Amino acid sequence: MTPERDGKLMILLVDDAPTNIQMLNETLKDGYHLFFATSGRDALRIASESLPDLILLDVIMPDMDGYEVCRKLKADPILRNVPIIFITAMNQQEDEAIGLELGAVDYITKPFNPTIVRLRIRNQIELKRQRDLLARLSHLDGLTAIPNRRALDEALEREWRRGTRSLKPLSLLMIDIDHFKAYNDNCGHLAGDDCLRSFAQSLKIPLGRAADFVGRYGGEEFLAILPETDEKGAMIVAREIQEGVAELAIPHPASPLGTVVTASIGIATAVASREHEHTWLLQGADSALYQAKQEGRNRIVAAPSPSN
Ligand SMILES: [Mg+2]
């Protein structure tokens, strides 16, 4: 969970000399929420606990130097994108190439010039803000504003990989609006878009658990990823989703199933293994959904448990 930041961005200051930390603190304390570390080891611990927006990292430190800290940060999938600015003394400029090669975004030289420090940090923070915004936008579905297919594929791959370590079951729900083409033909595409938006919002409510992930997979098809959930748990979530859709009560004058919009859901559950790719679970949910459609729609079908 993201800690309360009072809207201020967080910077981690790492320097083994307390006087340097003090000076940086004076320079930056008005604009940012600051954390401090005086060793590489503390820096790594605080970085993984507080997920800073930027790290100012001294190069020369006893035990673990700035380069080593940088290498470790870049190897951590959660922290690898946090921008790092190295702090070096004037006579260490030949080392700048090493730091930049390791992935640092900039350098600040000692003795500090407060104006330069503030400007360099402001530039990097602004760039990070833009990168974060782009990353968020590229993972959101434009119509429904919930995660898109790319985000779902990444989340599923991540959870599948996590599952190979945890050995806990992972469930996948593939959710499809019944007779959506007839809805569009009958009510028009603008109403179809409204239907998709309402449907998408209704899906989020049963999936209140923080680790669950729901998105639009394409067209009128949605996907819910349920980590550490067995088939029984997945069935409960699927029923809640169907109840939520029923409560929406979106009129569907062209549905042969009744008067309102309904959904079919295919469930697949498996303990992840290295023998299969995450797409294997996707195929399971897809064929369960196909079966639900074949059996008359507006129903939930769980794929038979695959034998690992
Ligand atoms: Mg130092």
Side-chain angles (χ1 to χ4, degrees), residues 1-136 158 161-162 165:
M1 289 287 107
T2 316
E4 184 50 59
R5 301 181 179 200
D6 317 326
K8 280 186 184 174
L9 293 164
M10 294 205 293
I11 299 180
L12 172 58
L13 307 177
V14 188
D15 199 306
D16 61 313
T19 49
N20 285 337
I21 294 220
Q22 230 159 31
M23 265 186 308
L24 290 168
N25 181 42
E26 282 304 310
T27 307
L28 299 167
K29 67 179 183 200
D30 288 338
Y32 305 99
H33 197 47
L34 302 173
F35 288 79
F36 315 97
T38 52
S39 74
R41 222 162 290 281
D42 278 354
L44 292 171
R45 182 178 52 80
I46 294 169
S48 63
E49 284 167 10
S50 63
L51 296 180
D53 296 289
L54 183 104
I55 299 174
L56 283 190
L57 183 55
D58 186 21
V59 173
I60 312 286
M61 294 188 289
D63 299 329
M64 192 189 292
D65 69 10
Y67 296 141
E68 185 60 25
V69 175
C70 182
R71 267 187 215 103
K72 288 201 152 68
L73 289 168
K74 293 297 171 194
D76 182 330
I78 309 280
L79 294 169
R80 69 184 327 151
N81 291 322
V82 178
I84 296 169
I85 298 179
F86 272 123
I87 302 170
T88 62
M90 278 300 200
N91 59 0
Q92 291 164 359
Q93 276 175 346
E94 66 272 20
D95 294 338
E96 289 190 8
I98 303 175
L100 293 172
E101 213 156 290
L102 287 174
V105 292
D106 205 356
Y107 265 90
I108 291 173
T109 47
K110 293 182 273 196
F112 302 121
N113 173 327
T115 307
I116 298 281
V117 169
R118 272 195 291 266
L119 287 175
R120 294 213 149 156
I121 287 174
R122 200 195 62 188
N123 288 347
Q124 292 304 332
I125 290 271
E126 185 51 37
L127 286 171
K128 178 174 191 279
R129 236 198 276 265
Q130 289 169 12
R131 279 197 303 272
D132 288 353
L133 181 65
L134 278 179
R136 264 205 305 282
R158 193 171 61 233
R161 221 184 308 159
R162 209 199 304 272
R165 292 191 298 268

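Keep in mind the model is a prediction, meaning the values are calculated, not measured. Atoms within each ligand, like the ligands themselves, are counted from 1 in listed order.
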Notebook entry, point to check: Is there side-chain contact between Leu73 and Ile55, with at least one heavy-atom pair below 4.5 Å?
Noted result: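 Yes, close enough: below the 4.5 Å cut-off.
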(Q) I want to check something: taking the side chain as every heavy atom from C-beta on, are Leu51 and Val82 in contact at a cut-off of under 4.5 Å? (A)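 SC-SC contact between Leu51 and Val82 ruled out.
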Short check: any N/O/S atom of Ile87 below 2.8 Å from the Mg ion (ligand 1)?
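Under 2.8 Å: Ile87 has no N, O or S contact with the Mg ion (ligand 1).
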Within less than 2.8 Å of the Mg ion (ligand 1), any N, O or S from Asp58?
->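 Yes - counting backbone and side chain alike, Asp58 has an N, O or S atom under 2.8 Å.
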Testing the 3.5 Å rule here: is there a donor-acceptor pair between the side chains of Glu126 and Gln130?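 Yes - a donor-acceptor pair under 3.5 Å links their side chains.
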Of all N/O/S atoms in Asp16, which lies nearest to the Mg ion (ligand 1)?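 Atom name of the closest N, O or S in Asp16: OD1.
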Arg71 side chain vs Leu102 backbone, donor-acceptor pair below 3.5 Å
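No: the side chain of Arg71 does not pair with the backbone of Leu102.
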